[in-house]
Peer 1: 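Here's a structure for you.
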Amino acid sequence: MNVTRGFTGRPRVPRPGLPPGQYDSGDDWPVLSAEVTPDLAPADWTFRIDGLVAEPRSWDWDEAHTLPASVYEGAIHCVTSWSKFGVRFGGVSLDAFLDVVRPDASATHAVAYAHSGYTTNLPLADLTGGRAWIAWEYDGEPLPAEHGGPARLLVPHLYFWKSAKWIAGLTLLDHDEPGFWEQNGYHARGNPWEEQRYSGD
Amino acid sequence: MTETATTGGFTPPTRFAVPGRIAVSDRAAAVWQTATLTEIRRETPSVATFRFAVPGWAGHLPGQHLMLRLTAGDGYTAQRHYSLASPPDDAGHIELTLDHVEGGEVSGWFHTEARPGDEVAVRGPLSGFFAWPGDRPALLVGAGSGVVPLMSMIRHHRARGLDVPLRLLVSARGPEELIYAAEYGAETTAVFTRRAPDGVPVGRLSAEHVAPLLAERPPGGWEAYVCGSNAFAEHASRLLVEAGQPVHRIRIERFG
């Protein structure tokens, strides 16, 4: 593409950790969700893992909080091109949940589904190894409802539409199955470093 | 067209989302095209419409958006999502209506530098979720520049002479900030939050605005499209739910 006449961009200093095509949103944390924010109290929240696992099970709020606490500190990246640095989420590593249900060797992918009905698909390898969380705190406070509270999935190394708000469960599959945005033209994996924004990227 | 169920038999307590209704072209979404600015029209003191020639544009549906990219001399790029303001039947041309955002890197270029003949890159149309092909009764609720994708729907409705019911509730701070003010017709109710013409009440969108529209519920019910800031989207979507609009028939586009 040719240079845009008269466009210089805002003054910039090299920002380590900023994927291509992204800008630093600073203090802003835009809200992007296509649905009505559900009225979901912690007492009504549950999280289930089923599909290709040895022991499907559900956790309620109190049961989930008995698992070892885990924190993510770092950046998040939205496909609409903002990235936010220095975020701090508290919750539980998804590994702790998966250890309980024991995924089958045949499980390769997961569909994450939300209490709102939203779905998104992920390779199972992106949910294990300390790279994914169930998060219920932001900056030491309860996660606000508009950002997915009481609890959301957090997969910070992928574009943030993969981090399903109001997470209700995961279904483990032996194949990939497009979720809500993926059926709407978004990329199956969504790696910000490879700019996997839309299907075909 | 896709009408796809969610996986695994899980029934969400709050049913979401009519899934995407429109199959999005992978090819169109993946390819950057050159868009040449042909015209700039002032809408309000801080908002202008930018018309582009995009000869290879594959067409879009009212409500869809695109990604736009500007490139600096040193190779730096800035890209943003913008809703399409123009109706589909505008062969080879598209229009965007942009607010001049304080300190906005891309909107600032458009409002202070851009002139006809300039070229930018666009890809799209994107997402079949917040899209309305004109087949179902549509209740549109927008504020500020959130009215942009809704205006594409109104223009489509008019251009095609559709008789499916269409209503618009549009909120602006005052008459001088109402985008497309001269284009609204009987389908539109304007709500002014700070300043209003004589005889028109001042106040935010309320149940009193929403109730009459839900009372005249058409056969099959409304498909509701809400667009604006997050604060407005939260407020308007709650009003709709409280007035009886089903949660799963509300589509929201939030401008961050």
Side-chain angles (χ1 to χ4, degrees), chain A residues 1-10 12 20-23 25 28-40 44 48 50-51 78-82 111-119 121 145-146 166 168-171 173 177-181 183-186 197-201, chain B residues 2 4 6-8 10 12-17 19-20 22-27 29-32 34 67 69-74 76-81 103 105-106 109 113-114 118-121 123 126-130 230 233-234 237-238 240-241 247-248 250-256:
Chain A
M1 175 61 194
N2 297 330
V3 169
T4 311
R5 185 199 57 77
F7 177 69
T8 54
R10 58 165 65 98
R12 63 199 93 104
Q22 298 292 108
Y23 69 94
S25 73
D28 286 347
W29 187 7
V31 175
L32 292 161
S33 41
E35 67 263 62
V36 177
T37 300
D39 193 10
L40 183 63
D44 297 325
R48 177 176 175 80
D50 54 25
C78 178
V79 69
T80 63
S81 78
W82 57 265
V111 170
Y113 50 90
H115 283 272
S116 63
Y118 175 84
T119 60
N121 53 307
E146 64 185 12
W166 315 298
L170 298 173
T171 299
L173 306 169
E177 198 170 294
F180 175 75
W181 285 120
Q183 291 170 35
N184 276 282
Y186 284 65
R197 298 176 189 274
Y198 305 108
S199 177
D201 280 349
Chain B
T2 53
T4 313
T6 54
T7 298
F10 169 76
T14 53
R15 291 178 60 209
F16 163 52
I22 313 302
V24 177
S25 162
D26 293 353
R27 196 200 62 79
V31 175
W32 288 103
T34 298
M67 189 169 246
R69 184 178 69 194
L70 305 183
T71 303
D74 63 358
Y76 171 81
T77 61
Q79 47 192 18
R80 300 288 185 275
H81 280 115
E105 183 179 33
V106 175
W109 178 83
E113 284 284 343
D118 284 343
E119 292 180 348
V120 301
R123 63 191 298 200
L126 302 171
S127 180
F129 179 67
F130 197 85
N230 179 58
E234 286 291 298
S237 61
R238 280 171 207 278
L240 287 170
V241 171
V247 166
H248 67 282
I250 301 175
R251 300 163 192 263
I252 305 180
E253 188 97 88
R254 299 166 200 257
F255 286 1

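Everything numeric here is computed off the predicted structure, so don't read it as measured data. Here is how names work: the chains are called A, B, and so on, in the same order as the sequence lines, proteins then strands, and each is numbered from 1.
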Peer 1: Counting heavy-atom pairs closer than 4.5 Å to chain B, which one of A/Gly9, A/Gly179, A/Ser33 comes out on top?
Peer 2: A/Ser33

Peer 1: Mind checking whether B/Arg238 and A/Thr37 have side chains closer than 4.5 Å, heavy atoms only?
Peer 2: yes

Peer 1: For the residue pair B/Trp109 and A/Phe7, does the interplanar ring angle fall in the parallel (under 30°), tilted (30 to 60°) or perpendicular (over 60°) class?
Peer 2: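 Rings of B/Trp109 and A/Phe7: perpendicular, as their planes differ by over 60°.
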
Peer 1: In Å and rounded to the nearest 0.5 Å, what is the OG to CZ distance from B/Ser127 to A/Phe180?
Peer 2: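 So the OG of B/Ser127 and the CZ of A/Phe180 are separated by 6.5 Å.
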
Peer 1: Quick one: what part of A/Trp181 sits under 4.5 Å from any heavy atom of chain B, side chain, backbone, both or neither?
Peer 2: side chain

Peer 1: Heavy-atom distances under 4.5 Å only: say whether B/Glu253 touches chain A with side chain, backbone, both or neither.
Peer 2: neither

Peer 1: Give me the atom names and distance for the closest heavy-atom approach of B/Arg254 to A/Glu35.
Peer 2: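 Here B/Arg254 and A/Glu35 meet closest at NH2-O, 2.7 Å.
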
Peer 1: Donor-acceptor pair, B/Asn230 side chain versus A/Val31 backbone, under 3.5 Å?
Peer 2: no

Peer 1: To the nearest 0.5 Å, what is the distance between CD on A/Gln22 and CD on B/Gln79?
Peer 2: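 That separation rounds to 7.5 Å.
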
Peer 1: How about A/Asp201 and B/Arg123: do any of their side-chain heavy atoms sit closer than 4.5 Å?
Peer 2: yes

Peer 1: Looking only at non-hydrogen atoms, find the nearest pair between B/His81 and A/Val79 and report the distance.
Peer 2: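 What the structure gives for the nearest pair is CE1-O, 3.9 Å.
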
Peer 1: Relative to chain B, which segment of A/Arg197 carries a heavy atom at a distance below 4.5 Å: side chain, backbone, both, or neither?
Peer 2: side chain

Peer 1: Measure A/Thr80 against the heavy atoms of chain B and call it side chain, backbone, both or neither at under 4.5 Å.
Peer 2: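 Both backbone and side chain.
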
Peer 1: Under a 4.5 Å heavy-atom cut-off, does chain A meet the side chain of B/Ala233, its backbone, both or neither?
Peer 2: neither

Peer 1: So do the side chains of B/Ile252 and A/Val36 get within less than 4.5 Å of each other, counting heavy atoms only?
Peer 2: yes

Peer 1: Do the side chain of A/Thr4 and the main chain of B/Thr71 share a donor and acceptor less than 3.5 angstrom apart?
Peer 2: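 Yes; at least one donor-acceptor contact below 3.5 Å.
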
Peer 1: Answer with side chain, backbone, both or neither: which region of A/Glu146 has an atom nearer than 4.5 Å to a non-hydrogen atom of chain B?
Peer 2: side chain

